[in-house]
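Report on the following structure.
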Protein chains: 2
Amino acid sequence: MLTKEELEEYSAEAIEIYLDHISIDCVVFGFHEGQMKVLMLKSKNEDGWQLPGGFVQKREPIDVAANRILATRTGIDEVFLQQFHVFGAPDRNRQHNEMYADMVAKEKNFFAHRFISIGYYALVDFFDAIPTPDEFSEICTWRDLNDLPPFLLDHELIFTTALDTLRLQLSYQPIGYNLMPKEFTMPELQKLYETILGKKLDRRNFQRRMLGFGILNKLPQTRKGGAHKAPYLYSFDLENYQAALKEGLKSGW
Amino acid sequence: MLTKEELEEYSAEAIEIYLDHISIDCVVFGFHEGQMKVLMLKSKNEDGWQLPGGFVQKREPIDVAANRILATRTGIDEVFLQQFHVFGAPDRNRQHNEMYADMVAKEKNFFAHRFISIGYYALVDFFDAIPTPDEFSEICTWRDLNDLPPFLLDHELIFTTALDTLRLQLSYQPIGYNLMPKEFTMPELQKLYETILGKKLDRRNFQRRMLGFGILNKLPQTRKGGAHKAPYLYSFDLENYQAALKEGLKSGW
DNA sequence: AACACTGGGTGTAATTGGTACACAATTGTA
DNA sequence: TACAATTGTGTACCAATTACACCCAGTGTT
């Protein structure tokens, strides 16, 4: 737990720099060894984990703020980052309020104010990110989607909503450019889709469909070294990929 | 334009009641005589129109705030209301700031603060709504989608984003329950879809597809009085409609 | 009363897209 | 060299979407 002095100091600084009542929380997805990962932070003071988050500077656009927060936690800039929902229950940060209620008057404790949080989700290359804790956390690390720790605040809701959004997104937008390495095999890409969706897909139909989108380049090389037939390598056709992002993969009506 | 005293009074009251830095703007869609309508307000002081909006009370959930704002402008409660995007550019309400800059110090003018606005869109029955202006507007009325007035602030962006979202939504969720009267004919419903999408649809395929969703009840009556064959009346099957809202109309993968 | 006109109800063939398979090819290992 | 495992490609089948044709009912005209 923080001391009275520490809390007051952090609080005074935050009040100077940041907009009151608005926060940002990021759900950062990565992909490694066939498993989906989320970036999480273990709180120093509390017994639980939270998502990377932060506040918006007084004259900073919110997208820039989200980018800055992510860059501070991972060292990566310019990632695929998308706002997906606003979480605005009046008591969403009740936990904090109660913990420090006796120590510092609520008005003087920036963090005890009511915060409406803008949820962003990000897709990043696992190896590009260097998880870096903030001043309130002792650990910042990737957690497996199948082995998630207890969440603080409403961060479980934020995470679940992000995952649902990602799954929905998957059906009408291309995903993968930000999660896969430059070159990859079709089975590797399929594994990503299966992990996000949480179910098996047919190998052959996946390949045909994926190629049908026209967002992949087949490279002449194959991935040698495996104990079996060497699969071809692919890369994303960035131009078509961007176009597909804009236009969507399915027309609907 | 407001007087110094009026502005200070409104401002002082707002500071008491509302959360600073957060606003809500609503894009309210209605449907009348085969035309899509949006609810808009003509500003008393400025030469332009805006979307209905407001602020969040200090201990009020944001969805409740959006509902309250809408209810105040239309008299309807419990409408289909959905947040779709957050608009957070630092100078989005620059217009206001400049206009009153000389009159009241910025710190004392609540409305000159930076506001991050949560965009909601609503679908309402045209006849249920009674457009009611707020204290800053002289007119509150439906405007035709094909004949929109000049927007103030970034409200054109908010409107456009809402329309895009609605069109996207249309391809995987049922729409109509909140926009159509209790009983309606298939051609009337089709007109709604065509208006939202901005293109013609095939009469026969539309009917089959719509019925295929299983969210309509065919009523025994027909709509008499037209100059031609009397079309059947339909109503929504609310139970199935709700289910379709949750599950989506298309599976995706 | 017969007729044309218009808009509404229903059916059907052609095309497309998705699903479920089978089989051949390649690689390292036994 | 045979084998196991995995990848590449093809094809038959079913479901959904699209495109189009035909008939029906109500109104106004001759």
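Bear in mind that the values here come from a model prediction, so they are computed numbers and not experimental data. Naming: A, B, ... by sequence-line order, numbering from 1 per chain.
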Integer-rounded Å distance: dT6(D) C1' and K200(A) NZ = 13 Å

Between M210(B) (CE) and dA16(D) (C1'), how many Å, whole number?
-> 16 Å

Is the Y193(A) to F31(A) ring centre distance short of 6.0 Å?
-> no

Would you confirm whether the ring centroid of F184(A) sits within less than 6.0 angstrom of the ring centroid of F236(A)?
-> yes

Can you list every salt bridge (charged side-chain N to carboxylate O under 4.0 Å, His left out) pair that touches residues 64-75 of chain B, not counting sequence neighbours?
-> E60(B)-R68(B)

Five-pair end axes of the helix from dA1(C)-dT30(D) to dA30(C)-dT1(D) and the angle they enclose, rounded to 10° = 20°

Is there a side-chain contact between L145(B) and V38(B), using heavy atoms and a 4.5 Å cut-off?
-> yes

Distance in angstrom units between Q190(A) CD and dT7(D) P, rounded = 9 Å

Could you tell me the separation between the CD atom of E33(B) and the NZ atom of K191(B), rounded to the nearest 0.5 Å?
-> 11.5 Å

Set of residues satisfying side chain to side chain donor-acceptor pair (under 3.5 Å) with respect to D134(B), sequence neighbours excluded | S137(B)

Figure out the CZ/C1' separation between F206(A) and dT6(D), and round it to whole Å.
-> 16 Å

Euclidean distance, atom CZ of residue F184(A) to atom P of dT7(D) [Å, nearest integer] = 15 Å

Give the B/S/- string for nucleotides 2-12 of chain C, one per nucleotide from 5' to 3', where a protein heavy atom under 4.0 Å of the base yields B, of only the sugar-phosphate yields S, and otherwise -.
-> ----BBBBBBB

For the residue pair R223(A) and P187(A), establish whether any side-chain heavy-atom pair is separated by less than 4.5 Å.
-> no

Could you state the CZ-C1' distance from R223(A) to dG8(D), rounded to the nearest angstrom?
-> 17 Å

All salt bridge (charged side-chain N to carboxylate O under 4.0 Å, His left out) counterparts of R204(B), not counting sequence neighbours = D202(B)

Whole angstrom value for the distance that separates C1' of dT7(D) from CG of L219(A) = 16 Å

Sorted by chain and residue number, the salt bridge (charged side-chain N to carboxylate O under 4.0 Å, His left out) partners of E183(B) (sequence neighbours excluded) come out as none

Taken to the nearest whole Å, CG/D202(A) to P/dC21(C) is 9 Å

